[in-house]
Amino acid sequence: MSHTLCDRRVLITGASGFMGSWLTKYLLEQGAIVTTILADWNPNSYFVHSGVIYQVKNIVGSIEDYSLLEKVISDHNINTVFHLAAISVEGLAFEKPRQAFEINIRGTYNILEACRVHSDLVQRVVVASSDKAYGDSPILPYTEDLPTVGKNPYDVSKSCGDMIARSYHNSYGLPVVIGRFGNIYGGGDLNLNRLIPNTIRCLLQNQPPIIRVPIQGSFMRDFLYVQDAVNAYIAMFEGLENPKVHGEAFNFAMGGSWKVLEIVQKIQHLMNREDIEPVVIPQSHGEILHQHVSIEKAQKILGWTPRYSFNEGLRETIEWYTEFLGSPSVANGQNSLVAPPFSSAPELNNQISG
Ligand SMILES: NC(=O)c1ccc[n+]([C@@H]2O[C@H](COP(=O)([O-])OP(=O)(O)OC[C@H]3O[C@@H](n4cnc5c(N)ncnc54)[C@H](O)[C@@H]3O)[C@@H](O)[C@H]2O)c1
């Protein structure tokens, strides 16, 4: 158990999502007292299945509600904030840009402002950013000193959130640190249209996996296994003990670059389904072409390094989805991504601050 996390009063946004549920589980295991701002949850999510939902204080609401955030921080004596909540899927942000900007930008300054107002309480703030925040940089691999200049709604929302977080340090001395993550993968991601879960799902259902191809050639991406991403969040949290880390951004990924086709083939090989021919679909809207981050800064300053090889991470992920997609509730089509009415889970600690 981590003595730095034990009895910490943590607020996490996005706890019911893919990354948030793994991180929350880890924080609880380390003895942290966790409060969440819960906008929605999926009955089939890792957040629910792992039992995490029942071990935290869930405040039902949205990060768009500034006064709620202020009240939660003060009512629960929050000293540590992990801000992960977002519209996290590029396609969704492309279709609903206003919603993406509201949640990813306004939600981010709301939470940072609430931390600033309660700077007597809040000692550490960790913000989830993305390698997409760099936009389509011709300079590879991305280093943290590159400008954050996204072009499309999701990238722009992450560039803005990233800059806003740094401004709260630059102007107000808020102890904030920013993690720019490559594509995170692992069990529990219910955004099933993402490359890795979608490929596994297709192969389990004897269907051809789908490869989206831009006109210019091929997408290249950097990846990170979810357990390594949890360690990255903890490394940032611990790093904040050093004032030199305040206001800094760090890249986290494996520090390589893979073509979409390579990933699909890797999964086919690990699942022994090389017999199914992938289907190639042209990409309709602009997405960043090549992404590859340098992880040297995180290695040097935070002492973080990825522990999982791609094959190890993929094996665990395949195992998780094989079990998940074979479970009766999911197989019977109850994997609705629409949240149930909050009142349907009365056993939750559904506090609405009022
Ligand atoms: N998954 C990745 O590959 C990846 C890579 C880089 C960065 N990120 C960033 O990491 C964070 C977590 O990503 P994820 O994949 O776990 O996302 P996810 O889509 O699985 O989860 C998003 C979470 O945000 C919450 N949320 C959405 N709108 C909200 C609102 N208005 N108020 C409160 N909560 C709200 C959802 O309920 C959910 O818990 C995001 O900020 C994302 O941009 C993710």
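Every number for a ligand or one of its atoms is a count from 1 in the order of the listing.
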Taking atom [atom1] of [X] as the centre, does the number of heavy atoms from other residues, nucleotides or ligands within less than 6.0 Å exceed 12?
{"X": "Glu262", "atom1": "CD", "answer": "yes"}
{"X": "Asp275", "atom1": "CG", "answer": "yes"}
{"X": "Glu296", "atom1": "CD", "answer": "no"}

With a cut-off of 4.0 Å, which atoms of ligand 1 are near a heavy atom of [X]?
{"X": "Leu84", "result": "11 (C), 12 (C), 40 (C), 41 (O)"}
{"X": "Asn183", "result": "3 (O)"}
{"X": "Ala39", "result": "29 (C), 30 (C), 32 (N), 33 (C), 34 (N), 35 (C)"}
{"X": "Ser62", "result": "30 (C), 31 (N), 32 (N)"}
{"X": "Arg194", "result": "1 (N), 15 (O)"}
{"X": "Ser129", "result": "6 (C), 7 (C)"}
{"X": "Gly17", "result": "20 (O), 21 (O), 38 (C), 39 (O)"}
{"X": "Ala128", "result": "10 (O), 11 (C), 41 (O)"}

Report task. Verify the ring-centre separation between Phe310 and Trp258: is it less than 6.0 angstrom? Result ->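 For Trp258 and Phe310, the ring centres are under 6.0 Å apart.
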query: Is the distance between the ring centroids of Tyr185 and Tyr308 under 6.0 Å?
result: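 Ring centres of Tyr308 and Tyr185 not closer than 6.0 Å.
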Inset, instruction - Look only at interatomic distance and state if Met19 has a nitrogen or oxygen under 3.5 Å from any nitrogen or oxygen of ligand 1. - result: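 Right, the criterion is met.
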**Prompt:** Could an N or O of ligand 1 be found under 3.5 Å from any N or O of Ile184, whether backbone or side chain?
**Reply:**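 Between Ile184 and ligand 1 (N or O atoms, distance only) the closest approach is under 3.5 Å.
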Given that the side chain starts at C-beta and the backbone is N, CA, C, O, which of these parts of [X] lies under 4.0 Å from ligand 1, counting heavy atoms, or is it both or neither?
{"X": "Asn191", "answer": "side chain"}
{"X": "Ile103", "answer": "side chain"}
{"X": "Lys158", "answer": "side chain"}

Check whether Asp189 reaches the backbone of Phe18 with its side chain - one donor and one acceptor, N or O, closer than 3.5 Å.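 Between the backbone of Phe18 and the side chain of Asp189 there is no qualifying donor-acceptor contact (under 3.5 Å).
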- Query: Is the backbone N or O of Leu84 less than 3.5 Å from a side-chain atom of Thr13, with the two atoms forming a donor-acceptor pair by type?
  - Reply: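 Side chain of Thr13 to backbone of Leu84: a pair is present.
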For Gln291 and Lys132: C-alpha separation, side-chain torsions, deciding distance, then whether side chain to side chain contact (heavy atoms under 4.5 Å, CB included) applies.
CA-CA 8 Å; Gln291 299 215 276; Lys132 307 281 182 308; 3.1 Å; yes
Is the closest heavy-atom distance from Thr13 to ligand 1 below 4.0 Å?
->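 Checking ligand 1 against Thr13, which is what was asked, there is no heavy-atom contact under 4.0 Å.
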Judged on heavy-atom distance to [atom], which of [options] sits nearest?
{"atom": "atom 22 (C) of ligand 1", "options": "Ala86, Ala253, Gly161, Gly14", "value": "Ala86"}
{"atom": "atom 36 (C) of ligand 1", "options": "Ser16, Ala85, Gly182", "value": "Ser16"}
{"atom": "atom 14 (P) of ligand 1", "options": "Ala93, Ser130, Gly186, Ser88", "value": "Ser88"}
{"atom": "atom 42 (C) of ligand 1", "options": "Phe18, Phe181, Tyr46, Tyr154", "value": "Tyr154"}

Testing the basics here: between Ser74 and His118, what is the closest heavy-atom pair and its distance to 0.1 Å?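 Taking every non-hydrogen atom into account, CB-CE1, 3.5 Å.
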Separation between CD of Gln299 and CZ of Phe250, rounded to the nearest 0.5 Å: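 If I round to the nearest 0.5 Å, the distance is 12.0 Å.
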(message) What's the separation between atom NE2 in His76 and atom CD1 in Ile59, rounded to the nearest 0.5 Å?
(response)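 So the gap between those two atoms works out to 3.5 Å.
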What protein heavy atom is closest to atom 32 (N) of ligand 1, reported as residue, atom name and distance in Å?
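Ranking protein heavy atoms by distance from atom 32 (N) of ligand 1, first comes Ile63 N, 3.0 Å.
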Of Asp162, Asn251, Thr148, the residue whose pairing with Arg180 passes side-chain hydrogen bond (donor to acceptor under 3.5 Å, both in side chains)
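Going through Asp162, Asn251, Thr148 one by one, the side-chain hydrogen bond (donor to acceptor under 3.5 Å, both in side chains) with Arg180 is satisfied by Asp162 alone.
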